[in-house]
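FYI, side chains are in, hydrogens and waters are out, and symmetry mates aren't considered; it's all heavy atoms of this structure.
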Amino acid sequence: PLGTILARPIKQFDVKLQPFIMSLISTSTTAEMHFNLMKSCLPTIVHSISIQEPNLRQSSYPLLNQTVRSSTPLLTYMNHVKPIETQFAEFLARASTVSEQKATGNLFFRSGTPAPITEIDGTVAKEFFTVLNISQNYTEDQIFNIYSFGMIYNWLNYLYLNPIQAPVSLSPTPSPHMSVSNINDLSTVSSDTSLSNFSDDSSRANLNLSSAVSIAGTHPAQLSLSASFQEVIVSYCLRVVDQSKLKDPNTLKPTNAPSSTSEINRTKALTNDNLRLVALVESIRILDILCKLDPSLVSRLFPTLKKVFTTHLTVNEVTTISQRTPSTPNAQISHAHPHSHVLLTLLQFFVNHCHVVVYDPDPLFRAYFENFLSQHSSFSHIAFETLMFCINNKEYLLQHTSV
């Protein structure tokens, strides 16, 4: 039986089979089996992430993500949380700032000088690597920098803000196995997709609580986020916010040029723009959680995010309707508005934290609902997102705004 096979320690399997075994564990749907398997392989997950063990590290990230979302009672600070957060901080703050050298025909040598990473606008990066930097050939620590950023929201939400008290049965989800060769597949990211799997708070409604509460025991005392790790996350997110102001210069070039190269560059530019928005939204949502955990951060972050709101409210990208090309027929859908998802995510931040800085957000709501929405409500996705925002914040809007 599958349960008997998976119950064996992972290290007893052949090295080549270990990643596949970890993927099988992530698809186990029975609550008791899932919980027990997570418990047995948790030391391996922590070891592979915190120690240089690349063979299992890629497989460990999605399994760790499931553990945080479904089996947080298993995690203890000294044995699991601290070593993982230490490695997260290392990846986020100290990833390589140069590209990996390409291997030559001789397996023992690599050719050329490592090229520095660049920003979206093509300039050489002067600060640390983030998900929005571009590398010719991504190094391992750059890939895990991106992995770690994609994990942070779930890590903070399920471990610190809303810890799960009982095991949860999750629907099977495919485990992403990203390698250096396919890191550029980030082109599949859309502007309304989060970097972290199941990161929306609403996704918790899709989780079926198991009746086997007895196997969970009790959750340890409420964990407290370390100040050093918090500062690493804040610095990373603020850098992403700053990078989001940059744009690929190819987005400004006309698309009626006959060269196929220019069309390819244009497609890449649209991809970078989508990634820019997704990373910005993810950073705002992470900062939102951090402010809930530590309200003293609000006064530091509020002015910056207010400027971001003003910037995205005034940016006019409706002209992309005339910039559509045969290879990008959906350009109008993804770029015909000044980033409503960013604006609504920022509005949610203001709803959650404006009372801390004694700020009246009514002018921001007026700007969105009276100016922006009146021009772009014909787009169904904008109308839907706005409606959901109003439903989720109905009481606040009725009591504290003129909406």
Do [X] and [Y] have a side chain donor and acceptor closer than 3.5 Å?
| X | Y | answer |
| --- | --- | --- |
| N133 | R239 | yes |
| S70 | Y158 | no |
| Y368 | T386 | yes |

Are the side chains of [Y] and [X] in contact, using a 4.5 Å heavy-atom criterion?
| X | Y | value |
| --- | --- | --- |
| I146 | M151 | no |
| I120 | K247 | no |
| L161 | L156 | no |
| I49 | Y61 | yes |
| L159 | V81 | yes |
| Y396 | P361 | yes |
| S340 | E385 | yes |

[X] and [Y]: which non-hydrogen atoms are nearest, and at how many Å?
| X | Y | value |
| --- | --- | --- |
| S148 | F91 | OG-CD1, 3.7 Å |
| F129 | Y236 | O-CE1, 3.8 Å |
| V357 | S299 | CG1-CA, 3.9 Å |
| S224 | Y160 | C-CE2, 3.6 Å |
| N154 | V68 | O-CG1, 3.5 Å |

Does any N or O in the side chain of T123 come within less than 3.5 Å of the main-chain N or O of E119, such that one atom is a donor and the other an acceptor?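 Looks like no, no N/O pair under 3.5 Å.
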Using side chain to side chain contact (heavy atoms under 4.5 Å, CB included) as the criterion, list what pairs up with [X], not counting sequence neighbours.
| X | value |
| --- | --- |
| P116 | V124 |
| S226 | Y77, E85, S228, F229 |
| S244 | R276, L280 |

Go through the structure and list residues passing salt bridge (charged side-chain N to carboxylate O under 4.0 Å, His left out) with [X], not counting sequence neighbours.
| X | answer |
| --- | --- |
| K245 | D242 |
| D360 | none |
| D121 | none |
| E90 | R94 |

Not counting sequence neighbours, which residues clear side chain to side chain donor-acceptor pair (under 3.5 Å) with [X]? List them please.
| X | answer |
| --- | --- |
| D288 | N352, H353 |
| S99 | S135 |
| S96 | D141 |
| S380 | none |

Given side-chain contact (heavy atoms from CB on, under 4.5 Å), test I117 with Q142 step by step and report yes or no. CA-CA 10 Å; I117 60 172; Q142 289 170 354; 3.6 Å; yes
Within a radius of less than 6.0 Å around CD of Q399, do more than 12 heavy atoms belonging to other residues, nucleotides or ligands occur?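 Check passes, neighbour count above 12.
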Is it true that, when you exclude F20 itself, more than 12 heavy atoms of the residues, nucleotides or ligands shown sit nearer than 6.0 Å to its CZ?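 Counting other residues, nucleotides and ligands, CZ of F20 stays at 12 neighbours or fewer.
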Got a sec, which pairs hit ring-ring contact (aromatic ring centres under 6.0 Å, His included) with one end in residues 282-308, sequence neighbours left out?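 For residues 282-308, and leaving out neighbouring residues, the ring-ring contact (aromatic ring centres under 6.0 Å, His included) pairs sorted by first residue read F302-F350, F302-Y359.
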After noting the C-alpha distance and the side-chain angles of S50 and T86, does the key distance pass the side-chain contact (heavy atoms from CB on, under 4.5 Å) rule? CA-CA 8 Å; S50 58; T86 300; over 6 Å; no
